[in-house]
Amino acid sequence: ATGPNGCITTDSVSVAIDTIPPDVNATGDTLDCAAVGVTLIGSSLTPGANFLWTGPGGLNTTNPAPVVSVIGVYTLAVTGPNGCTADTTAEVVADDDAPAVSIASPVAITCGQPQTTLSVTSGSIGVQYVWNGPGGLVFTDSSFTTSLPGLYTLVATAPNGCTVMATETVVLDTFTPVLQATGDALSCSKPSGVLTGSSGTPGTVLNWNGPNGFAASGNTALISLPGLYTLTGTAPNGCTAQMPVVVGADVA
């Protein structure tokens, strides 16, 4: 600077350059069946920084920790007090796989087997089970024994909150076999005869009992004494039926 008197004075000034972008960090999360929404976490070590999140579902917010419910890639832009910006991304992924379950087919409840077992297996880890059955029965084990026929409903829930439903019917099979039986009459000229039995139920086992401890098995049996004989039929389901046969004797 030069004054009117010709004297000169000098001074100087420094101009600093501040173009350092702000620090920025962002964290996403996993959206599963149990979560209505997840929180995005944005942070910066730069004091006074401002945040702007944008992304799927039209997200546009200055909240550093917004709650979102749409999967996808979100962008966080941070602006420092010097006006410089930096951005990064965070991803929200989906974990919505329902558990895979398999129910072992139960055996029917029969006369020979009054109880049956329902059981379920899963290739997923940590699955929880709830069974609902006839009469308001509730079971929370992977397998249980029941004596009640009817419809059983299974709800399996994985750790991610996703569920799958399956049903199984326990059948009641207590039908008794249908029997037919006849016997020959005895006489002086016919001192022995034959008992003949049959069943309309396939697989039925036939057994005979009669006077003086008589016992035989099969469709036919030879006899030599008059009296009351009983045919007992046992079906494959364990159920039984009986039919009497009276064998008379004409020996007068």
Side-chain angles (χ1 to χ4, degrees), residues 24-43 53-61 63-76 87-175 201-203 235-239:
V24 59
N25 293 284
T27 304
D29 207 339
T30 300
L31 195 63
D32 59 29
C33 297
V36 176
V38 295
T39 301
L40 299 173
I41 303 298
S43 63
W53 280 103
T54 57
L59 179 71
N60 190 306
T61 179
N63 182 353
V67 176
V68 299
S69 58
V70 181
I71 63 172
V73 177
Y74 293 81
T75 300
L76 172 63
D87 60 62
T88 188
T89 61
E91 187 175 8
V92 174
V93 297
D95 178 11
D96 53 4
D97 292 331
V101 297
S102 176
I103 301 177
S105 297
V107 178
I109 293 175
T110 66
C111 299
Q113 183 167 314
Q115 292 183 324
T116 189
T117 299
L118 285 167
S119 63
V120 58
T121 56
S122 175
S124 304
I125 299 175
V127 177
Q128 295 182 335
Y129 305 103
V130 177
W131 292 90
N132 289 276
L137 293 179
V138 178
F139 301 94
T140 56
D141 295 326
S142 59
S143 64
F144 63 94
T145 299
T146 180
S147 58
L148 291 178
L151 180 65
Y152 290 79
T153 301
L154 168 69
V155 177
T157 304
N160 63 1
C162 299
T163 62
V164 66
M165 181 181 293
T167 60
E168 189 63 61
T169 300
V170 175
V171 178
L172 178 64
D173 180 8
T174 55
F175 293 104
T201 304
N237 63 0
C239 298

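Since this is a predicted model, take the numbers as computed values, not measurements.
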### Message
The test is side-chain contact (heavy atoms from CB on, under 4.5 Å); show your working for Val68 and Val92 and say whether it passes.
### Response
CA-CA 9 Å; Val68 299; Val92 174; 4.0 Å; yes
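- For the atom pair CD1 (Ile103) and OG (Ser119), the distance works out to 8.5 Å, reported to the nearest 0.5 Å.
- The backbone N or O of Gln113 lies less than 3.5 Å from a partner atom in the side chain of Thr110, making a donor-acceptor pair.
- Side-chain contact check for Val130 versus Val138: some heavy-atom pair is nearer than 4.5 Å.
- Taking both residues in full, the closest heavy atoms of Pro99 and Ser122 are given as CB-OG, 4.4 Å, listed atom of the first, atom of the second, then distance.
- Between Asp96 and Cys33 the shortest heavy-atom distance is CA-SG, 4.0 Å.
- To the nearest 0.5 Å, the span separating CG on Leu151 from OG1 on Thr169 amounts to 5.0 Å.
- Evaluation of the side chain to side chain donor-acceptor pair (under 3.5 Å) rule for Asn25 yields Asp23 as partners, not counting sequence neighbours.
- Residues meeting the side chain to side chain contact (heavy atoms under 4.5 Å, CB included) test with Thr39, sequence neighbours left out: Ile41, Ala65, Val67.
- Between Val93 and Ile71, the shortest heavy-atom contact is C-CG2, 3.9 Å.
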### Task
For Leu148 and Leu137, run side-chain contact (heavy atoms from CB on, under 4.5 Å): C-alpha distance rounded to whole Å, both residues' side-chain angles, the deciding distance at 0.1 Å, then the answer.
CA-CA 10 Å; Leu148 291 178; Leu137 293 179; 3.5 Å; yes
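- Judged as a side-chain hydrogen bond (donor to acceptor under 3.5 Å, both in side chains), the pairs with a partner in residues 130-153 (not counting sequence neighbours) are, in order, Thr117-Thr145, Thr146-Tyr152.
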### Message
If you apply the rule side-chain contact (heavy atoms from CB on, under 4.5 Å), what do you find for Val101 with Val164, and how did you get there?
### Response
CA-CA 8 Å; Val101 297; Val164 66; 3.9 Å; yes
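- For Pro106, the side chain to side chain contact (heavy atoms under 4.5 Å, CB included) criterion is met by Thr116, Leu118, Glu168, Val170, not counting sequence neighbours.
- With sequence neighbours excluded, the residues satisfying side chain to side chain donor-acceptor pair (under 3.5 Å) with Asp95 are Asn160.
- Taking all atoms of both residues into account, the shortest heavy-atom contact from Pro134 to Gly150 is CG-CA, 3.9 Å.
- Under the 3.5 Å distance criterion, the side-chain polar atoms of Thr157 are left unmatched by any main-chain donor or acceptor of Thr163.
- Counting heavy atoms of neighbouring residues, nucleotides and ligands inside a 6.0 Å radius, atom CD of Gln115 exceeds 12 of them.
- Asp32 meets the side chain to side chain donor-acceptor pair (under 3.5 Å) test with no other residue; sequence neighbours excluded.
- Tyr129 is linked by a ring-ring contact (aromatic ring centres under 6.0 Å, His included) to nothing, counting only residues two or more places apart in sequence or in another chain.
- Legend: residues meeting side chain to side chain contact (heavy atoms under 4.5 Å, CB included) with Ala90, ordered by chain and number and at least two apart, are Ala26, Trp53.
- What you find for Pro56 and Val73 is that their closest heavy atoms are CD-O, 3.3 Å.
- The list of disulfide bond (SG atoms under 2.5 Å apart) pairs with a residue in residues 89-140, not counting sequence neighbours, reads Cys111-Cys239.
- Contact annotation: the side chain of Phe175 approaches that of Asp173 to within less than 4.5 Å [non-hydrogen atoms, C-beta and beyond].
- The side-chain contact (heavy atoms from CB on, under 4.5 Å) test with Leu40 is passed by exactly one of Thr27, Asn63, Leu59: Leu59.
- Qualifying side chain to side chain contact (heavy atoms under 4.5 Å, CB included) partners for Pro159, counting only residues two or more places apart in sequence or in other chains: none.
- Side chains of Leu76 and Val24 form a contact here, defined as non-hydrogen atoms less than 4.5 Å apart.
- Applying the ring-ring contact (aromatic ring centres under 6.0 Å, His included) test to every pair with at least one member in residues 95-115, sequence neighbours left out, gives no pairs at all.
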